[in-house]
Amino acid sequence: MRTPTKPKRSVGPDTSLKRKRQKRFSPLMLIGISVPLLVIIVAGIIFVVPRINSHAANVNADCTLIVPPNPLSAQGLATPYQLVATDPNAGPCNEANAGQAAFVQGAVINPRNGQISIYNPLVVDKGTQPTAKPVVPNLPANGVVALWFGFNGNNLTLKGMNNSLAAGRCTNGNNNSIFGQFAYCNAREFFAVANFAIRRGQLQVPALGTAADGMPCPTVRDFSVIDMDQSDNVTTTYLVTANGIAQNNAANLAAMQNAQAQTNASDNRLLSVALDGALNCQPWTAPDLADNGKMVPALPLNELQAAAHPPTPMAVVPLGDPMVLNNGNHDQNKVNLYRRGVDQKLIGQGGDNGNTITYCKNYLNIAPARIQLDAQFTKNKPSPDPAAANSLFTFLAQRFNAGFGDGGLNCAKLLNMQSPIKVTTDGNGVAIDATINLGNGGNTGAPNCSVNGTVINGCTGTTTINNQTCQVSFDKATNQVNINCGGNQTQPGQNQPTPVPPTQQTPVPQGQPTPTPQVQPTQPGQSQMTPTPQGQQTPTAQNSQPQGQQQSSTTTTTGTTTQTTQAQNQQVPTSTAVQTQSLQIPANAATQTQTQQQTTTNTTQMSTEGTTTTSHKQMLKMN
């Protein structure tokens, strides 16, 4: 099943093949042309030109989707949407054309038990009938239905029928500025009910799991997955036949054996199908009401799971996302409208201000490193779009450059940095290879931190330690990792507690609990440790064991290599090749309150000489 790349603006397969300019002929050259030859030429125009695929240069990339009456009802869901050109003078729009196809994804949540089901309404050309009549779904009583839209062209405009846009509470953009490929109906109410069900324990959000690369499975809010337009488009697929379009379900597949699947070029499908498959991850799925309960992934499931298990840092739609610009300018209202449709916090909530430069930094620091790390799994996987790249690896590489460049988020200009990824293309513009130089723009100065199994890329972001929200930051100037849990963080250059040398043992006062999370930095020069994707070592925080003889175990996993270091309560000789230190905070319930009432600031200094010092305002245990 093919998942083409998104032809966003000037990016995508539509720009790779251009119609060749025809030579001019003198009228004298027409003399002597036979009538049969003219018949052949005319026949070619009649039968070949209409079958030009989405790579044609003159395809109309702006289409309108007519929303049927009562779109949130069972009958409305089973009524096909109609696709038509926004400007007929620019050419027709056809659902069978991969570059013009529009898609609708629906979900319904039962407020009584929090269960979610999926139903994907059908799209046909205006004035046509589907190949097979759509299934009428059986909706739960008082079920809350929502809809999301995707488009393989540039701009999809929703048009109402019998007040359908108001009835569906549909959002296409802000006033006269549409999002582009994306729209939604009633998403805010759906997510409100779903999040309430999650809080009550009715709706269980699956854990992400661990990917084949040893890192947490990615989500649609992971900077290794997003591009210039995140959280857009859907996982819906349709069947294209010689007689029209049909829902993609088992009954239609059996009856239409020559049908081809039409897919939406979406971030959601890239994650749920291509990346999850390559990294041995499992997407969250729900029963399809149009296909006898077959379990399928969906945009709302991806967003709920990403919100429940947020990566650090977390990608949410920035002000510079091309979908939320208004005539090229930032529009906070439009950003917030978009975020509401995908269950993201509004600008100003959770410390996020929508800054595009910050977004670009995180994109640069995280995506190339994980693309490189996962190359061992993606190089042999098929490309979601063979017209753009020859493998999943090269697809991700060229996709990063498209999002990073001036046709996307314009990160290269905002950061004054070039992409660390160099893509090699063939004569047709297809990416066939890529090299990633993390010394040229990537997050080479910062290691990754692993706190109780949660990887913090670039040691920058937030994490939870003993039910406290802790801010982790890395200062390249001092080569220092700072962890602040509920107090004022000690800034580089300020007076700090005297560090304890690695060869000394700081006793734990009697009556004090045994501290828990440990931050264990390792030096780039220590060859015995497993490098992170950036070529740096991974500081790791883990809970210590409560036994009388304190023991700590640190495991750093990258790719297929695992290095484990264990230490007991004893002094570490200065001649030890790899020194492990533990910065510990009480974790048991009896002492957690005491810990939370104190100001906790941990500072880990990593020097270029290979020595490591750690200061802590409470207590420090050296292993």
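Note that these values count all heavy atoms, side chains included, but never hydrogens, waters or copies made by symmetry. Numbering starts at 1 and runs along the sequence shown.
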Margin query: Side chains of Asn264 and Asn152 only: does a donor on one sit below 3.5 Å from an acceptor on the other?
Written below: yes
Taking only distance into account, with no hydrogens and no angle test, what donor-acceptor pairs under 3.5 Å do side-chain atoms of residues 197-208 form with protein atoms, sequence neighbours excluded?
residue	atom	partner	partner atom	Å
Gln202	NE2	Arg112	O	2.9
Gln204	NE2	Gly201	O	2.7

Note to self: With rounding to the nearest 0.5 angstrom, report the CG to CD distance, Leu139 to Gln75.
What the structure shows: 10.5 Å
Checklist line | Asp87 and Asp62: CA distance, side-chain angles, deciding distance, side chain to side chain contact (heavy atoms under 4.5 Å, CB included) verdict | finding: CA-CA 8 Å; Asp87 178 9; Asp62 299 331; over 6 Å; no
Margin query: Can you see whether Tyr119 engages Gln247 through a side-chain donor-acceptor pair at a distance of less than 3.5 angstrom?
Written below: yes
Item checked: Reported CG-to-OG distance for the pair Leu275 and Ser224, which is rounded to 0.5 angstrom -> 7.5 Å
Next item on the list: Could you tell me whether Arg340 atom CZ has more than 12 heavy atoms of other residues or ligands within 6.0 Å of it?
Entry: yes
Notebook entry, point to check: Under a 4.5 Å cut-off applied to non-hydrogen side-chain atoms, are Gln100 and Asp125 in contact?
Noted result: no
Margin query: Over 60° means perpendicular and under 30° means parallel, so tell me whether Phe182 and Tyr338 are parallel, tilted or perpendicular.
Written below: tilted
Checklist line | Closest heavy-atom pair and its distance - Asn162, Pro69 | finding: ND2-CG, 3.6 Å
Notebook entry, point to check: Between Gln230 and Tyr363, is any side-chain donor less than 3.5 angstrom from a side-chain acceptor?
Noted result: no
Note to self: Taking disulfide bond (SG atoms under 2.5 Å apart) as the cut-off, I'd like each qualifying pair that reaches into residues 194-254, sequence neighbours left out, listed once.
What the structure shows: Cys217-Cys281
Next item on the list: Supply the atom-to-atom distance Asn172 CG to Leu156 CG, rounded to the nearest 0.5 angstrom.
Entry: 7.0 Å
Notebook entry, point to check: Mind checking what makes salt bridge (Lys or Arg N to Asp or Glu O under 4.0 Å) contact with Arg169, not counting sequence neighbours?
Noted result: Glu189
Note to self: With a 3.5 Å distance limit and no angle check, can you tell me whether Ser177 reaches the backbone of Asn174 through a side-chain donor-acceptor pair?
What the structure shows: no
Notebook entry, point to check: Do Ser266 and Asn268 meet the criterion of a side-chain donor-acceptor pair at a distance under 3.5 Å?
Noted result: no
Notebook entry, point to check: Relative to the ring of Phe400, is the ring of Phe404 parallel (under 30°), tilted (30 to 60°) or perpendicular (over 60°)?
Noted result: parallel
Notebook entry, point to check: What's the spacing between Ile436 CD1 and Gln372 CD if we round to 0.5 Å?
Noted result: 5.0 Å
Check: How long is the gap from SG on Cys93 to CG on Leu83, to the nearest 0.5 Å?
Finding: 5.0 Å
Check: Shortest non-hydrogen contact from Leu409 to Pro322?
Finding: CD2-CD, 4.3 Å
Margin query: How about CG on Asp426, more than 12 heavy atoms from neighbouring residues, nucleotides or ligands closer than 6.0 Å, or not?
Written below: yes
Item checked: Nearest atoms (heavy-atom pairs only) where Leu304 meets Phe191 -> CD2-CD2, 3.7 Å
Next item on the list: Would you check if Arg269 and Asn233 make a side-chain contact, meaning some heavy-atom pair closer than 4.5 Å?
Entry: no
Checklist line | For Thr131, side chain to side chain donor-acceptor pair (under 3.5 Å) partners two or more places apart | finding: Thr241
Note to self: Whether the side chain of Lys334 engages the backbone of Leu325 through a donor-acceptor N/O pair (distance < 3.5 Å, no angle test) should be reported.
What the structure shows: yes
Notebook entry, point to check: By salt bridge (Lys or Arg N to Asp or Glu O under 4.0 Å), which residues pair with Asp374, not counting sequence neighbours?
Noted result: Arg370
Note to self: According to salt bridge (Lys or Arg N to Asp or Glu O under 4.0 Å), does anything in residues 296-307 pair up with another residue at least two apart or in another chain? List the pairs.
What the structure shows: Arg221-Glu303
Notebook entry, point to check: CG/Asn120 to CZ/Phe103 distance, rounded to the nearest 0.5 angstrom?
Noted result: 10.5 Å
Note to self: Is it the case that over 12 heavy atoms from other parts of the model lie below 6.0 angstrom from the CG atom of Asn113?
What the structure shows: yes
Item checked: Minimum side-chain heavy-atom gap Leu165-Leu158 below 4.5 Å -> yes
Margin query: Please check: side-chain N/O of Gln82 versus main-chain N/O of Leu65, any donor-acceptor pairing under 3.5 Å?
Written below: no
Next item on the list: Could you pull out all residues at least two apart from Asn70 that satisfy side chain to side chain donor-acceptor pair (under 3.5 Å)?
Entry: none
Notebook entry, point to check: Have Gln105 and Thr235 got a donor and an acceptor in their side chains that come within less than 3.5 Å?
Noted result: yes
Notebook entry, point to check: Is Gln262 reaching over with its side chain to a backbone N or O of Tyr238, donor-acceptor style, under 3.5 angstrom?
Noted result: no
Note to self: Between Thr64 and Thr86, is there a side-chain donor-acceptor contact under 3.5 Å, judged purely by atom types and distance?
What the structure shows: yes
Next item on the list: Might you work through the side chain to side chain contact (heavy atoms under 4.5 Å, CB included) test for Phe149 and Thr236, ending with a clear yes or no?
Entry: CA-CA 9 Å; Phe149 300 86; Thr236 302; over 6 Å; no
Checklist line | Results of side chain to side chain donor-acceptor pair (under 3.5 Å) for Thr171 - residues two or more places apart only | finding: none
Check: Listed by chain and number, what are the side-chain contact (heavy atoms from CB on, under 4.5 Å) partners of Ala397, not counting sequence neighbours?
Finding: Ile421, Val423, Ala434
Check: Does any non-hydrogen side-chain atom of Pro384 lie less than 4.5 Å from one of Leu392?
Finding: yes
Next item on the list: Sequence neighbours left out, what passes salt bridge (Lys or Arg N to Asp or Glu O under 4.0 Å) with Glu95? Give chain and number order.
Entry: none
Below 3.5 Å, can you tabulate the donor-acceptor pairs from side chains in residues 284-301 to any protein atom, sequence neighbours excluded?
residue	atom	partner	partner atom	Å
Asp288	OD1	Ala290	N	2.9
Asp291	OD1	Ala250	N	2.9

Check: Is it true that a side-chain atom of Ser383 and a backbone atom of Phe395 form a donor plus acceptor pair closer than 3.5 Å?
Finding: no
Note to self: Between Asn110 (side chain only) and Gln115 (backbone N and O only), is there a donor and an acceptor less than 3.5 Å apart?
What the structure shows: no
Notebook entry, point to check: Are the side chains of Asp222 and Leu271 in touch, meaning some heavy atoms are under 4.5 Å apart?
Noted result: no
Checklist line | Check: Leu364 and Cys411 side chains under 4.5 Å, non-hydrogen atoms | finding: no
Checklist line | Non-neighbouring partners of Asn326 that pass side chain to side chain donor-acceptor pair (under 3.5 Å), sequence neighbours left out | finding: Asp331
